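Below: one structure, written as structure tokens.
So that the names make sense, note that chain A is the first sequence line, chain B the second, and so on, each numbered from 1. Bear in mind that the values here come from a model prediction, so they are computed numbers and not experimental data.
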Amino acid sequence: MGNKISGKDFIKLGFPNNNSINIVLGQIHRYRKKENKQTILNEAKEVLLEPEKYIGHGIWGKVAEGLIKPVEIRLQQLKNTRSPFSIFGENEIDEEAKYQLYDALKLPIAVKGALMPDAHSGYGLPIGGVLATNNAVIPYGVGVDIGCRMSLSVFDLPANFLKGKSHQLVQILQDQTKFGMYETHKVKADHEIFDRTIFNEIPLLKSLKTKAYQQLGSSGGGNHFVEFGIIKLEEVKPEWNLIPGEYLAILSHSGSRGFGANIAKHYTYLATKQCPLPKHVQHLAWLDLNTHDGQEYWMAMNLAGEYAKACHDDIHRRIAKSLGKRIVFNIENHHNFAWKELVDGEERIVHRKGATPAGKGVLGIIPGSMTAPGYIVEGLGNELSINSASHGAGRKMSRAKCKSTITKSFMNAQIKDASIELIGGSVDESPFAYKDIKKVMSLQTELVKVLGTFSPKIVRMDK
DNA sequence: ATGTCC
């Protein structure tokens with residue numbers, strides 16, 4: 001017996017000569033690579049004898065599943081017809097994004113789809129795309145930044161509180177927010193989320209726990225931001241304990257950082273391996289929720305969502321503490337996520353990739369740009385949009401085009417004109433790169449009702 | 001979006 005473990009070792013143990021050999025080799029290569037060969041083979045033998053005992057186990061669960069119900073991996077065929085769909089703001093959406101939705105609607109698991117008025121093409125599902133599926137989840141239908149979300153915290157401070165305080169507020173954003181790929185808080189905050197047993201149950205999550213702990217309360221890069229601004233409430237909810245008016249608020253936009261990105265990468269890889277699709281739609285590979293990997297992704301995705309929320313809460317807590325003021329209320333929503341929801345009376349998996357949940361009475365935030373207002377909205381529960389709305393204005397210029405056509409001085413002048421203070425922010429995040437949010441909002445009056453607006457005043461982004 | 005390679 002050589003040192004290197006191979007398929008032959010498992011055949012000798014009595015493993016059936018089918019995909020179970022691939023599965024066990026994959027799991028060992030991924031999680032038990034450095035361990036003693038005989039130890040691993042002894043464990044594998046136990047699994048072979050009583051696979052039922054190992055269902056749900058982080059490493060052996062997938063092996064047990066392969067022994068109990070072997071599945072043949074085969075190329076998935078697309079349907080000839082599309083599932084029903086609706087497009088909101090059709091004339092504002094590029095053709096590529098529509099084709100991407102049409103392809104997704106031909107997946108055998110697809111039930112219903114929609115495009116929001118800020119849609120543009122992405123990897124797999126378009127950004128601004130909503131897809132309801134039957135008991136399956138598409139990792140790229142959620143997106144790389146799992147749980148990317150908006151969070152708005154309001155202070156019982158009048159709009160004129162800002163007057164003369166811009167220096168102090170700039171300093172708070174400088175000190176209390178962390179941007180870019182590597183910057184994290186020196187003094188780490190603890191969070192209940194790190195006590196979850198799931199970190200010990202799913203090996204991938206265990207390997208990402210330290211990173212998650214280090215990055216808690218950081219914002220990352222790209223279009224992520226933390227900003228002070230003025231919220232103007234036309235209409236209030238009793239639980240907000242405020243009368244209509246203008247108040248100081250913090251708005252943040254970010255996701256689950258490296259934690260979610262690695263979860264997305266890992267399960268996308270697994271999905272493409274076990275759900276081969278025609279090449280032009282390979283990014284739409286899904287995981288059946290009745291499988292080990294599907295269950296794991298669902299749990300990991302939900303944890304990444306909670307982690308993203310924990311990051312926002314930490315950011316807002318640090319800022320409020322530094323400001324010495326108490327947050328009166330908070331509104332938040334994911335816009336890259338999948339949910340179990342009723343669609344036309346049946347439980348479905350609703351993927352929103354850059355789309356705001358807008359079920360009846362559900363509150364959300366749709367940001368504009370650093371010079372245009374964001375909107376506090378209440379969902380109208382429109383079934384045509386699968387209870388969704390846009391997640392922003394949407395880009396009208398690619399990052400590459402911004403870099404070649406917009407100069408930093410042009411952008412600075414534009415921002416100064418709007419009386420915005422900007423810390424960081426590269427030309428690809430110029431307000432000029434985004435569509436007109438007012439126009440986008442006018443295209444979704446059947447999807448959401450506007451309760452108020454948020455106008456950014458002091459904005460921090462990555463450099 | 002992300003130590004931008006499974």
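Using a 4.0 Å heavy-atom cutoff across all strands shown, G221(A) reaches sugar-phosphate atoms only and no base atom. As judged by a 4.0 angstrom heavy-atom cut-off over every strand, R30(A) is placed among residues making no nucleic acid contact. Residue-level contact check: G255(A) touches neither bases nor backbone, having no heavy atom under 4.0 Å from any strand. Within 4.0 Å of H266(A), counting heavy atoms only, lies no atom of the nucleic acid at all.
Summarising the geometry, the separation between CD on Q274(A) and P on dC6(B) is reported as 17 Å, rounded to the nearest angstrom. Atom pair H283(A):NE2 and dC6(B):P shows a separation of 12 Å (rounding to whole Å applied). Nucleotide dT2(B) holds its C1' atom 13 Å from the OH atom of Y307(A), rounded to whole Å. We find that OH of Y123(A) is positioned 15 Å from P of dT4(B), with the value rounded to whole Å. Distance, Y267(A) OH to dT2(B) P: 20 Å, rounded to whole Å. In this structure, N262(A) places its CG atom 11 Å from C1' of dT4(B), rounding to the nearest Å. Rounded to an integer number of Å, the gap from CG of L25(A) to C1' of dC6(B) is 16 Å.
Comparing G222(A) and M181(A) against DNA chain B, the residue whose closest nucleotide sits nearer the 5' end is G222(A). Nearer the 5' end of DNA chain B, as judged by each residue's closest nucleotide, is the contact made by Q215(A), out of K273(A) and Q215(A).
Using cut-offs of 30° and 60° on the angle between ring planes, the pair H334(A) and W339(A) is tilted.
For K273(A), the NZ atom sits in a loose shell: 12 or fewer heavy atoms of surrounding residues, nucleotides or ligands are nearer than 6.0 Å. For OH of Y102(A), the number of neighbouring non-hydrogen atoms (other residues, nucleotides, ligands) closer than 6.0 Å is greater than 12.
Separation of atoms OG (S151(A)) and CD1 (I315(A)) is listed at 8.5 Å; rounding is to 0.5 Å.
OP1 or OP2 of dC6(B) lies within a sub-4.0 Å distance of a side-chain N or O belonging to K265(A).
Under 4.0 Å is where a charged nitrogen must lie from a carboxylate oxygen, and between D314(A) and R317(A) at least one such pair does.
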